[in-house]
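The next block holds one structure in the form of structure tokens; read it before the comments.
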There are 2 protein chains.
Amino acid sequence: MNASSLVKPCTRQRVLEAAKSLCYIPNKTARVFKSGKSHILGLVISTQHISELVLNAGFQARFKALTAKAHNEGYNMLIITSTDAEPNSYFEVIKNQVADGFIILSPSINESLTSLLEEAGIPYVFNMKYSNNPEDSYYISSDDVEGGYMAAKYLLDLNHTDIRFILGIVKGTIMPFNEDRVLGFKKALDEYGIAFKPEMIVTIPGQMEESYNLIHQLFQTQKPSALMISNETTTVAALNYFYDYGYRIPQDVSVIGFGPSEFFRHHRPNLTNVSYDITWSSDKLVDLLLQRIEGRPVALERPKKPELIIRGSTARYVQPSVLAVKEH
Amino acid sequence: MNASSLVKPCTRQRVLEAAKSLCYIPNKTARVFKSGKSHILGLVISTQHISELVLNAGFQARFKALTAKAHNEGYNMLIITSTDAEPNSYFEVIKNQVADGFIILSPSINESLTSLLEEAGIPYVFNMKYSNNPEDSYYISSDDVEGGYMAAKYLLDLNHTDIRFILGIVKGTIMPFNEDRVLGFKKALDEYGIAFKPEMIVTIPGQMEESYNLIHQLFQTQKPSALMISNETTTVAALNYFYDYGYRIPQDVSVIGFGPSEFFRHHRPNLTNVSYDITWSSDKLVDLLLQRIEGRPVALERPKKPELIIRGSTARYVQPSVLAVKEH
DNA sequence: CTGTTAGCGCTTTCAG
DNA sequence: CTGAAAGCGCTAACAG
């Protein structure tokens, strides 16, 4: 039945007919058991995280890209949910799943998880850089220093100096990729001779309501002329706030988003954004995992530079007084 | 190791210690093989469909609800992608997967698929009503006649008579749930003594660009005062069109969406929408599948009535001439 | 080219 | 309560 070349065609024919008449369906589980390959890639995520993330354009783009790539490689994606986002609980669910390898989406830095997985010989990759340990190299990163730099430089070129960089935090911590973006942000300020001030960095938990309220708070006490926003949900929350309170984009505030271009293009107003090639990085991530599964030597990928897509949410900074004069 | 009560505690202790010192991890595949239970639910979808759907708020809500419910029942979701959305190709991928049962998201009406699955004894459910055959009862439906009715009635109460009902089509066909909504739409028109005209129904493929262009076309030749839009992507496309072309919502056009309330609440303008309880129906769908998997008698669920959430995108119809007079 | 058999790692049963 | 053994359905190896 498995198209072996050792079988005479007429015999195969007879077998196939018998199979058909008996409604025989090979037992897939036994095949997986025997062959040791399930052709399943596990996507590990905490229940809380998935319920927040699924509404996030970045996650949707990643999910789509991973699923498509896995399909092309003959794999399907198993969504593995862990009740807690703790290393031990992740390890527990991982070792109880039938999958050839695991893609771990973790909101916490999990060095103890990597050692558990290594010890157990389970192939895994992380979807981004979670750890600052150079040994933990099983992830595909983007060039986030560059991303933060190019957004800030563009705003500085437009004469903005009173910029806020809004970062999502997870359990009170700034993620490594956001730290990199801040590095790029500071580098640009430095080049333009603008002093970095701590209040330029605003941390916000990534949910819609919290983001909305914190943006509201921010604009009650301060009037920055430009915002860089590091996650999609907060970007939507900020735009909703501006809509509700009559701020015009980009006349009153310039906004730069970070994330998949498609999303920002379909948004109104059209957003200028730092665009990462999610398809590319997802493909590379699956390639990396397959290399590990098959025991092939792992080829390290250089991060791909993001791209600044300029749309309608950013404009040259004009001093309010000048504007007021013009209007009268 | 499986906490059998037949084992003396001290023996168990010794076994556990030995396991630990040898870094023993039970082989999950063998367990699945032996027990015949993978605790995996397959979500079957075509590659094309998933890449469109994943950007759609309705899919995200459903995916989230299914994953959460499966998790609560001790299952994980396997995303099974089929290259073609044909019954045979669906069946092919289904029978090659390790899963205890399957949730089928199919854009086509697939009566031949159900018979293949029945014959093979594979437990399955459909995510919605795909077939008009009363025997195909393995799905959880919503009360779509009521949904179409309540949206239309609300607009009629606001004096709108020039209404368009915009329906997504798949391969040129209106899906059964949309046919039901049209039934409700017509019922409301009937009650208010308004004659149904064929041009009131506008069919549009659900993608963003096509939707945008077709809405554009529609408004170049006609000026309906109210829109009911049956899918989220088209709703976003229509709102983007109105934004781009300076139509004010709800002063110039009233808009009612269909789908998850959360999405429309976070949208600007806030949309009046017919809200379906996706969490409820996803829970019921998983329950139904688990009943079939476990061979328990299948309890049929009555569809739950949708709810009309009134927000800012609908207003009383005012004759343009009256408005023009007021303005001068 | 065909038919038979060992054995994957687990769970369950059964004898002691 | 413990240790031994059968067997799940398949694939691969081997003898004929």
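By convention in this document, chain letters (A, B, ...) are assigned in the order of the sequence lines, proteins followed by strands, and residues within each chain are numbered from 1.
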Specify the separation, in whole Å, of atom [atom1] of [X] and atom [atom2] of [N].
X       : N      : atom1 : atom2 : value
B:Ile25 : C:dG9  : CD1   : P     : 14 Å
B:Lys37 : D:dC8  : NZ    : C1'   : 16 Å
A:Gln13 : C:dT2  : CD    : P     : 13 Å
B:Asn96 : D:dC10 : CG    : P     : 12 Å
A:Lys95 : C:dC10 : NZ    : C1'   : 15 Å

Any donor-acceptor pair under 3.5 Å linking the side-chain atoms of [Y] with those of [X]?
X       : Y       : answer
B:Thr83 : A:His71 : yes
B:Lys37 : B:Tyr75 : yes
B:Asp84 : B:Ser46 : no

A:Phe33 side-chain proximity, nearest of C:dC10, D:dC10, C:dG9: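 That would be C:dG9.
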C:dT11 phosphate, OP1 or OP2, under 4.0 Å from B:Arg31 side-chain N/O: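 Yes, B:Arg31 has a side-chain N/O under 4.0 Å of OP1/OP2 on C:dT11.
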Position toward the 5' end of DNA chain D (nearest nucleotide), B:Cys10 or B:Lys34: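 On the 5' side of the pair lies B:Cys10.
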Greater than 12 external heavy atoms within 6.0 Å of A:Arg296's CZ: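 More than 12 within 6.0 Å, yes.
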